[in-house]
Protein chains: 2
Amino acid sequence: MTNTKLKEERTRGYFIEATKEILRGEGSKALSVRNIAERAGYSYATLYNYFKDQTELISLSLLDFKDECRDAVNQNIRKSKPGKPEIKAIVVSYINYFVQYPGVFDLFYIEKLASKKVNNQVVSFLDSLCEEDWNYLIDNQIYSKTEIEYKRKTLNNATIGVLMSYLKRSTPSDYSELLRDIDVTMDTILP
Amino acid sequence: MTNTKLKEERTRGYFIEATKEILRGEGSKALSVRNIAERAGYSYATLYNYFKDQTELISLSLLDFKDECRDAVNQNIRKSKPGKPEIKAIVVSYINYFVQYPGVFDLFYIEKLASKKVNNQVVSFLDSLCEEDWNYLIDNQIYSKTEIEYKRKTLNNATIGVLMSYLKRSTPSDYSELLRDIDVTMDTILP
DNA sequence: TTAATTTTATTAACAGTGTTAATATTTAGT
DNA sequence: ACTAAATATTAACACTGTTAATAAAATTAA
C-alpha cells in the first residue's frame, strides 16, 4: 500500500536523478530515453511506467534545478547591500549558475516545455529573486514605482540576452568580458 | 564546363530554397534531410553530392534570411526620424520579422552554427542595422560616446531577451503587450 | 550511331531517436 | 506452493543523419 507508493516514488527519483546528471554533465543534447534509463539502472521502456513521456521528466528536473539555482544565488549574495548592489550580485550568480550548467540553460529557456505553469515559473524566476531589492528601491524613493516596473522588465530581458549571446553564440568570447557586460547592463538600467 | 557549373548552382539553389521554405513554414523542428530533398525533388542522398552536411545548408539559408530581414527592416523605417525614433522602428521591425518566422529565430539564435564567422555576423546583425542612428546620437551630442557604447550593448541584449520570452516562453501572451514591452525597453535605455 | 567514360541520382544499410504493445519476470497475498 | 497483481523487458515501428555501393543519365570518342 503505502510501501508500494514509497517504492514507486523512489524509482521515479532514480529516473529524475539520472536525467539531472546528464543535463548537468553532457547537456540536453546527450539526453535520450535510453541514456536516462541506462543510468537509472532500468530498461528504456520502464521509464514509461513511471512517466508519461520524456517531457514530464524534463519538467520535473527543471523544478529541481530551480531550487538548486535559488540556493546557489542565496549563498552568493549573503553580504550584499540591499538595492542595486544586491540585484547585481543576484544577476551575476544567476548567470554563473547557467554558465556552469549550460544544459540547464537550454531547459529553462529553449527546450519546449509541457505545461504553461512551468513556463511562467521560468519567465518570472530571475525577477522573483530580486523582488525584495526592487521594493527596497521603491520604498527608499530612489526610483518611482513605474520606473522600477520598467527597469525590472528591461533587466530581465537584458540578462537573458546576455546569457543567450554568451552560451549560444560565444559572445563575448571570454568570461571576464562577460562580467564587464553585466556591469554595463546594470549601469545602463540602474544609473 | 561553365554549363555544368551553372547546372550545379541551380541544383544547389533548389535545396537551399526547399530548406528556407520549411524553415519559414513548419519551422526548424520539421527540418530533416529527407524532408528537404523531397521538396527539392531529389532523393535524400543526393543532397550530400552538393553539400557537406545539413549544417552547411542551414548556414546558407541563414545568410539569405539575413538579407531578407534587412530588406524588411529598411522598408519599414523609410520615414523615421534619425536617432531614437529610427532605432525604435528598427527594433520593432526586427522583432516583427522573427515573430512572423519563428523558425528563422531558432536558426539565428538557438541552433548550433557551423562557422564562427556566421556566428559573429548574427550577433552583430541588429546592432549593425542601427549603426547610423547610434552615430547620429553621438554626433548631435545627445549622449556621450561611452554612454552610447553601453546603450548599444544593452539594447541588443534586451531585444534578444524580449524575443526569447515571447517566442519560446509565450511571455507576454499577446502581441500588443509585446509592443508595449518594446516601448518600455526603449524608454528605459534611451530616456 | 554505338561504345566508353564521366557525371549525377538512387537504394541499401547503419546507428541512433521516442514511443507503444506484447511478453517475461518479480513480488504479494492466500 | 499457487494465484494474482505489479513491475520490467524485449520486439517492433516510424522516424533521424550519414555513408558506400549501385544504378541511371549525360557527355565524349570512335
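Note on naming: letters A, B, ... go to the chains in the order of the sequence lines (proteins, then strands), and numbering restarts at 1 for each one. Just so it is clear, the values below take in all heavy atoms, side chains as well, and ignore hydrogens, waters and symmetry mates.
The structure places CH2 of B/Trp134 at 10.5 Å from NZ of B/Lys84, a figure rounded to the nearest 0.5 Å.
A/Arg152 pairs by the salt bridge (charged side-chain N to carboxylate O under 4.0 Å, His left out) definition with A/Asp127, A/Glu131, not counting sequence neighbours.
You'll find that the side chain of B/Thr46 is closest to C/dA9, out of D/dT9, D/dT18, C/dA9. Residue A/Asp53 has its side chain nearest to C/dT19 when only D/dT18, C/dT19, D/dA8 are considered.
Put simply, CD on B/Glu9 is 12 Å from P on C/dT8, counting in whole angstrom units. In this structure, OH of B/Tyr42 is placed 18 Å from P of D/dA24, rounded to the nearest angstrom. In this structure, the CG atom of A/Asn35 is 17 Å from the C1' atom of C/dT19, given to the nearest Å. When the P atom of D/dA20 is taken as reference, atom OH of B/Tyr44 falls 15 Å away, rounded to whole Å. Put simply, OH on B/Tyr14 is 15 Å from C1' on C/dA9, counting in whole angstrom units. Atom CD in B/Glu8 sits roughly 11 Å away from atom P in C/dT7 (whole-Å rounding). In this structure, B/Tyr48 places its OH atom 21 Å from P of D/dT22, rounding to the nearest Å. Distance OH (B/Tyr50) to P (D/dG17): 20 Å, rounded to an integer number of Å.
Within the 4.0 Å cut-off from OP1 or OP2 of D/dA8, not a single side-chain nitrogen or oxygen of A/Ser43 is found. The side chain of B/Ser32 contributes an N or O atom lying less than 4.0 Å from OP1 or OP2 of D/dT16.
When heavy atoms are screened at a 4.0 angstrom cut-off, B/Leu31 is found touching the sugar-phosphate backbone but no base atom.
The base of C/dG16 has none of its N or O atoms less than 3.5 Å from a complementary donor or acceptor on the side chain of A/Arg34.
Using a cut-off of 4.0 Å between Lys/Arg side-chain N and Asp/Glu carboxylate O, B/Lys79 and B/Glu86 are scored as not salt-bridged.
Between A/Tyr42 and A/Tyr14, the angle of the ring planes stays under 30°, which puts this pair in the parallel group of the 30/60° scheme.
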